[in-house]
Amino acid sequence: MATMDSLIGLVNRIQRACTALGDFGGDDQAFSSLWDALPSVAVVGGQSSGKSSVLESIVGRDFLPRGSGIVTRRPLVLQLQQIEEGQQEYAEFGHLPQRHFTDFSLVRKEIQDETDRITGKTKQISPVPIHLSIYSPYVVNLTLIDLPGLTKVAIEGQPESIAQDIEDMVRSYVEKEVDPSGERTFGVLTKLDLMDKGTNALDVLEGRSYRLQHPWVGIVNRSQLDINKNIDMIDARRNEREYFATSPDYAHLASKMGSEYLAKLLSGHLESVIRARIPSITSLINKSIDELESELDHLGRPIAVDAGAQLYTILELCRAFDRIFKEHLDGGRPGGDRIYGVFDNQLPAALRKLPFDRHLSLQNVKKIVSEADGYQPHLIAPEQGYRRLIEGSVSYFRGPAEATADAVHFVLKELVRKSIGECQELKRFPSLQSTIAGAANESLEKFRDESKKTVIRLVDMESSYLTVEFFRRLPQEVERAGNPGGNPRSQEVEKAGNPRGNPRGNLREKLSSRSNH
Ligand code: GDP
Ligand code: MG
């Protein structure tokens, strides 16, 4: 019994979680409804037949609005939670989770006010439920749903469709339990005390009029007069017990009549239903967890609030971008190979296009040599003139060198753009995304300026000091270049500038060969 009680307690807790998460069942849910899978007890019956009164006597407290006419206008989902004897009894609303109601007349007022908040002070009804939990040592663990009573005609202030509206709403609440075989329906007959003298309800209570799988339970609630006279629940229960015990018609059924018996019956039945449903509830919870996990993956995990953890998250995101950029550059993702293309194709092609034909034309050579050496006739070779010619030629490399820095810069910038786009983790944080892109481009801009300075410096270094070896090699190379068929001058330039077909290696090699002298 103890485990069963905790089982119902567990279901009540799941139900409260459903309420907090906005799961009230129905088909319009994005996720499988846990609410729909949980068993509960709903009261269905005619208007003023005593439904609210029955629920109240099960709870053992006065707190539901009762009376004649349509009083219950929104479904009330009532969760009863047994607490230990001696503990303070209280009620709590789903819409007012912080407030503990210990005065149950205030509970009734809040139900009325909360009903009016949705429906206005009219006789309109609304299907939006009010959730109320009652914690008490005197209740059994149960979830009960009080519904507006079924009616046949609209009264003033109600739309013509009211009868149908109420039926639809009630049906939607009992749909999951609608029960053609009568397995889950408990018949409750109220107002036995109001029957005409000389008549009784034994045909119904003994199952002859309307057969249900479970036995019918007769109830005597407080009359309106009792309520007006403030007869409390304890007295009401005693009166009810007395009524059955002393009634000539029902005394033989007394142990199976009355609100207390009904409460035990319902609780016991609910236990067996929950027991049967636990496996499917468990698998539904697991399925929902899976659904929510994947939804969460889609939306992104929660972000920490404290500055340290946020910084960590930002660094993680920067690293993710960094990793992708590196893959583009070093391999794994495409794009980095274009840098290789710059040095292997673009630079040599640009060097080949340099105007050495013009610069080293006979006319220009004559001009430069005579300008450099002036009127002094040279004895062996026009040294100043040679130097000028070489300096002039080498400085032509500045243009392609700078253009190479620009071309690499352009490729890197494109890789940054691609990497930002491919970094899934950053998609959630557009402003961090643009900040990282901005910072990366700013750095690239700085690197471009630095590389341009460096390559120009390298070209200047090349042209500012020429080794003896260079001059010794020159006649041989000119001779070799003189072979028929080719373009002697451009080949000469190519060879002089690129002896191994590797412009980078060439600069380095020259520098080191120079330091050997
Ligand atoms: P509901 O509309 O079905 O929720 O019915 P209520 O619980 O509001 O009851 C309607 C009226 O019937 C109230 O005035 C109750 O006091 C009265 N009433 C309910 N049950 C009984 C009963 O068993 N005996 C008597 N005499 N009056 C009852
Ligand atoms: Mg009612």
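In listed order, ligands and their atoms are each counted from 1.
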Student: Between ligand 1 and Ser49, can you find any atom pair, the residue atom being a heavy atom, that is separated by under 4.0 Å?
Tutor: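 Under 4.0 Å: yes for Ser49.
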Student: Just which atoms of ligand 1 are under 4.0 Å from any heavy atom in Arg66?
Tutor: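 Those qualifying, in numeric order: 7 (O), 8 (O).
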Student: Do Ile125 and Thr119 have side chains that approach each other closer than 4.5 Å (heavy atoms only, starting at C-beta)?
Tutor: no
Student: Would Lys51 count as being in polar contact with ligand 1, using the rule that some N or O on each side must be under 3.5 angstrom apart?
Tutor: yes
Student: Find out whether Arg73 and Asp116 are in side-chain contact, i.e. whether some heavy atom of one side chain is under 4.5 Å from a heavy atom of the other.
Tutor: yes
Student: Please report the closest heavy-atom contact between Ala263 and Ile58, naming both atoms and the distance.
Tutor: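 Between these two residues, the closest heavy atoms are CB-CG2, 3.8 Å.
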Student: In the protein, which heavy atom is nearest to atom 23 (O) of ligand 1, and how far is it?
Tutor: Asn221 N, 2.7 Å
Student: Which protein non-hydrogen atom lies closest to atom 7 (O) of ligand 1, naming both residue and atom, and how far is it?
Tutor: Ser53 OG, 2.6 Å
Student: Between Val71 and ligand 1, which residue portion shows a heavy-atom distance shorter than 4.0 Å: side chain, backbone, both, or neither?
Tutor: neither
Student: Quick one: nearest non-hydrogen protein atom to atom 2 (O) of ligand 1, plus distance?
Tutor: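 Going atom by atom, the protein heavy atom closest to atom 2 (O) of ligand 1 ends up being Ser48 N, 2.9 Å.
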Student: Can you find a pair of side-chain heavy atoms, one from Arg277 and one from Pro279, that are under 4.5 Å apart?
Tutor: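 The answer is no, as the side chains (C-beta and beyond) never meet within the 4.5 Å cut-off.
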Student: Specify the closest pair of heavy atoms between Phe104 and Asp62, including all atoms of both residues, with the distance to one decimal.
Tutor: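 For Phe104 versus Asp62, the nearest heavy atoms are CB-O, 3.3 Å.
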Student: Could you tell me whether some N/O pair between Thr72 and ligand 1 is separated by less than 3.5 angstrom?
Tutor: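 Among all N and O atoms of Thr72, none is under 3.5 Å from an N or O of ligand 1.
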Student: Is any NZ, NE, NH1 or NH2 atom of the basic residue among Asp449 and Lys452 found under 4.0 Å from an Asp or Glu carboxylate oxygen of the other?
Tutor: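 The answer is no: the pair does not qualify as a salt bridge.
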Student: Side chains of Ser247 and Asp249 only: does a donor on one sit below 3.5 Å from an acceptor on the other?
Tutor: no
Student: Students should be able to answer this: which protein heavy-atom is nearest to atom 13 (C) of ligand 1, and at what distance?
Tutor: Gln224 OE1, 3.5 Å
Student: As an exercise, identify every atom of ligand 1 less than 4.0 angstrom from a heavy atom of Ile227.
Tutor: 16 (O)
Student: Of the side chain and backbone of Leu194, name the one, both, or neither that has a heavy atom under 4.0 Å from an atom of ligand 1.
Tutor: side chain
Student: Side-chain donor-acceptor pair under 3.5 Å between His100 and Glu92, yes or no?
Tutor: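 There is such a pair between these side chains.
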Student: Can you pull out the closest protein heavy atom to atom 12 (O) of ligand 1? Residue, atom name and distance to 0.1 Å, please.
Tutor: Lys191 NZ, 3.3 Å
Student: If you count heavy atoms of other groups shown closer than 6.0 angstrom to NZ of Lys326, is the number above 12?
Tutor: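 Open.
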Student: Is it the case that atom CG in Leu194 sees more than 12 heavy atoms from other parts of the structure closer than 6.0 Å?
Tutor: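 Yes, because the 6.0 Å sphere around CG of Leu194 holds more than 12 heavy atoms from other groups.
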Student: In terms of atom number and element, which parts of ligand 1 are under 4.0 angstrom from non-hydrogen atoms of Asp193?
Tutor: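 Result: 22 (C), 23 (O), 24 (N), 25 (C), 26 (N).
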Student: Which residue holds the protein heavy atom closest to atom 5 (O) of ligand 1, what is that atom called, and what is the gap in Å?
Tutor: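 Checking every protein heavy atom, the shortest distance to atom 5 (O) of ligand 1 gives Gly50 N, 3.1 Å.
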Student: Using ring-ring contact (aromatic ring centres under 6.0 Å, His included) as the criterion, point out the one residue from Phe63, Phe93, Tyr135 that pairs with Phe101.
Tutor: Phe93
Student: Got the closest protein heavy atom to atom 8 (O) of ligand 1, with its distance?
Tutor: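 In this structure, atom 8 (O) of ligand 1 has Gly67 N, 3.1 Å as its nearest protein heavy atom.
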Student: Name the closest protein heavy atom to atom 16 (O) of ligand 1, giving the residue it belongs to and the distance to 0.1 Å.
Tutor: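 Looking at atom 16 (O) of ligand 1, the protein heavy atom closest to it is Arg222 O, 2.9 Å.
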Student: Is there an N/O/S atom in Ser52 at a distance below 2.8 Å from the Mg ion (ligand 2)?
Tutor: yes
Student: Run the numbers for me: atoms of ligand 1, each under 4.0 Å from some heavy atom of Val220, listed by number.
Tutor: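 Those atoms are 23 (O).
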